[in-house]
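Position 1 is the first residue of the sequence, and the numbers go up from there.
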Amino acid sequence: MIARYNSISLLAGVPGIILQIAGQVVMRTNPSHEAIGALVAIAGTALLMLGLAYYALAKGRNPAWCLMGLLSIIGIIVLACLKDLAPDGREH
């Protein structure tokens, strides 16, 4: 695994998940701020997808694998289970 890309994936993915949760909370608790909550959730989704793209790169895969994240937790599990093809000599 390419450590640099893995670090970037965490720096983008974790705040993305937090923003998604915050957006959902805002939309559910205050209907008058539903549009703001939706924007926050969309921003969180974009950050999460960026993080997943870097995670795929860290494993030596195409960044398009980030689209698996659209399948919710199932997609994230699939990404985590992908064989590491990174050219660092550990696994080929």
Side-chain angles (χ1 to χ4, degrees):
M1 182 170 289
I2 302 170
R4 179 173 179 250
Y5 289 154
N6 193 32
S7 297
I8 295 171
S9 75
L10 285 172
L11 289 174
V14 172
I17 291 172
I18 292 169
L19 283 176
Q20 283 183 329
I21 293 168
Q24 291 296 320
V25 168
V26 168
M27 284 191 293
R28 290 174 194 253
T29 59
N30 195 347
S32 64
H33 291 98
E34 190 171 316
I36 293 170
L39 288 174
V40 170
I42 290 169
T45 301
L47 269 177
L48 178 61
M49 298 306 281
L50 178 68
L52 293 175
Y54 272 103
Y55 185 72
L57 283 172
K59 286 195 155 202
R61 302 288 181 147
N62 189 311
W65 277 94
C66 76
L67 296 174
M68 291 296 291
L70 296 175
L71 298 175
S72 188
I73 193 69
I74 301 297
I76 294 172
I77 291 170
V78 168
L79 274 174
C81 292
L82 285 176
K83 185 177 178 183
D84 189 359
L85 300 178
D88 63 355
R90 284 191 5 202
E91 202 169 321
H92 295 277

[atom1]-[atom2] distance between [X] and [Y], expressed to the nearest 0.5 angstrom:
| X | Y | atom1 | atom2 | result |
| --- | --- | --- | --- | --- |
| Arg61 | Leu82 | CZ | CG | 4.5 Å |
| Thr45 | Leu50 | OG1 | CG | 12.5 Å |
| Leu85 | Met1 | CG | CE | 10.5 Å |
| Asp84 | Ile2 | CG | CD1 | 8.0 Å |
| Ile73 | Ile77 | CD1 | CD1 | 5.0 Å |
| Ile42 | Leu47 | CD1 | CG | 13.0 Å |

Exercise for the section: For residues Met68 and Ile74, determine if any side-chain heavy atom of one lies less than 4.5 Å from a side-chain heavy atom of the other. Expected result: no
Of all the heavy-atom pairs spanning [X] and [Y], show the shortest one and how long it is.
| X | Y | value |
| --- | --- | --- |
| Gly69 | Leu52 | CA-CD1, 3.5 Å |
| Cys66 | Ala53 | CB-N, 3.3 Å |
| Ser9 | Gly51 | CB-O, 3.0 Å |
| Lys59 | Leu79 | NZ-O, 3.6 Å |
| Val78 | Trp65 | CG1-CZ3, 4.5 Å |
| Ala56 | Pro63 | CB-CA, 4.3 Å |

Practice task
Applying side-chain contact (heavy atoms from CB on, under 4.5 Å), run through Val40 and Gln24 and close with a yes or a no.
Solution key: CA-CA 8 Å; Val40 170; Gln24 291 296 320; over 6 Å; no
Practice task
Identify whether Leu48 and Ile18 are in the same connected component of the hydrophobic contact network (ILVMFWY, side-chain heavy atoms under 4.5 Å).
Solution key: no
Exercise for the section: Decide whether Leu71 and Ile76 are clustered together by the hydrophobic rule: side chain heavy atoms of Ile, Leu, Val, Met, Phe, Trp, Tyr closer than 4.5 Å, transitively. Expected result: yes
Exercise for the section: Just jot down the side chain to side chain donor-acceptor pair (under 3.5 Å) partners of Ser32, sequence neighbours excluded, or say none. Expected result: Asn30
Exercise for the section: Examine distances only and state if a side-chain atom of Asn6 and a backbone atom of Ala58 form a donor-acceptor pair shorter than 3.5 Å. Expected result: no
